[in-house]
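Each ligand, and each atom within it, is numbered from 1 in the order the structure gives. Model, not experiment: these values are computed from the prediction.
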Amino acid sequence: MSSILITGATGNVGLEVIRYLYQIDASNRIVAGVRNIEKAKKFFSDFPKLELVHFDFEDPDTFDNALSGIDRVFLLRPPHISDVDKIFRPLIASIKHNSINEIIFLSVQGAEKSKIIPHNKIERLIMEFGLDHIFLRPSYFMQNLTTTLIGDIKTKREIVLPSGKAKFNWVDIENIGEAAAILLEKFPDYKNQPYEITGYENLSFAQVTSQINRIIDNPILYRSVNPLKFLLIKKREGMGKGLIMVMILLHFLPRFQKEPKISNFFEQLMGKKPTDLATFIKREKVQFEKQPVIKP
Ligand SMILES: NC(=O)c1ccc[n+]([C@@H]2O[C@H](COP(=O)([O-])OP(=O)(O)OC[C@H]3O[C@@H](n4cnc5c(N)ncnc54)[C@H](OP(=O)(O)O)[C@@H]3O)[C@@H](O)[C@H]2O)c1
């Protein structure tokens, strides 16, 4: 039995990791590191055995207590945190200080190629501290369609991005959760390697939009705009500047890059193919449908 701390537990990936950890081995002690225990109690009501501990990336005073008695950490970088030296250096030092030597970090596909992105800096930091590690490097989440992009889909029936014809590799977060759970369970067999988790399809937003339209009743549009126009649209809608910049980097840069590599690591690990986009869209169909207007 291992004691495993999950950070980012209430987020998209963290929740799936917890769900699959319980499915594969109910005997592990799983601890969710959360900012707000009361909110988390409600959020995790389906997981009565899950322990909760107060953990805040931005408050180093919470580190030691959260790490006490832990063997293995699942580390996730919350999207708004980019200052690696300020936030992650003290955290990794605390992990080491608490004699924890095993860490799985949710990185991103291609992290090794760009020294400026936070994921690359965090990977290097983990190696600098000499921790045994697994770097899980997923491609573009299918769930971006049902989280970041769903507002425009529901209200404007469109996806607006500066992506042109760029192709993205689409991965289902459930697949990331399943793979991470196995890697947490069998850490010694896989340690000190990076693993890319991808789906098998590289598709542009125009192609994805037509796949969605084949399945739903009220079609949506894909509108590619230049980065400046995107900035103006999103600023007018009240999106924070930091998030707008991340959205531009994530969606504009791929126009100038090679198509993403496709990895078969998930299939090797799990003995099944990753989710394809058509299956994901059918699963989430109700989210893409036009919402009925509710009269007062
Ligand atoms: N989107 C993509 O296509 C993609 C692809 C590859 C990699 N990634 C990487 O995946 C990561 C995001 O994963 P996700 O989508 O699961 O994130 P998410 O849904 O935004 O969840 C973020 C989690 O971090 C927690 N959190 C935020 N600030 C915190 C703090 N100060 N202290 C403690 N916990 C805090 C949140 O908890 P609360 O409930 O307290 O808010 C939440 O549980 C990022 O590093 C991103 O770069 C994303």
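Note: Tyr140 and Phe205 have perpendicular aromatic rings, judged against thresholds of 30 and 60 degrees for the angle between ring planes.
When heavy-atom distances to ligand 1 are checked against a 4.0 Å cut-off, Asn36 has no atom that comes that close, whether in backbone or side chain. Heavy atoms of Lys39 found under 4.0 angstrom from ligand 1: none, in either backbone or side chain. Contacts between Thr148 and ligand 1 below 4.0 angstrom, taking non-hydrogen atoms only, are absent altogether.
Less than 4.0 angstrom separates some heavy atom of Ser139 from each of these atoms of ligand 1: 5 (C), 6 (C). Atoms of ligand 1 lying under 4.0 Å from any heavy atom of Asp56, numbered from 1 in the order shown and given with element: 30 (C), 31 (N), 32 (N), 33 (C). When each atom of ligand 1 is checked for a heavy atom of Leu76 under 4.0 Å away, the hits are 13 (O), 16 (O).
Every heavy atom of Gln143 sits 4.0 Å or more from the atoms of ligand 1. Taking 4.0 Å as the cut-off, Pro118 does not count as a neighbour of ligand 1 on heavy-atom distance.
Heavy-atom contacts from other residues, nucleotides or ligands closer than 6.0 Å to NZ of Lys285 number more than 12.
In terms of polar-atom proximity, defined here as any N/O pair under 3.5 Å, Phe57 does make such a contact with ligand 1. Considering backbone and side-chain N/O atoms, Gly8 comes within less than 3.5 Å of an N/O atom of ligand 1.
A salt bridge does not link Lys167 to Glu201: none of the charged side-chain nitrogens sits closer than 4.0 Å to a carboxylate oxygen.
Of the listed residues (Pro79, Gly110, Pro78), the one carrying the non-hydrogen atom nearest atom 12 (C) of ligand 1 is Pro79.
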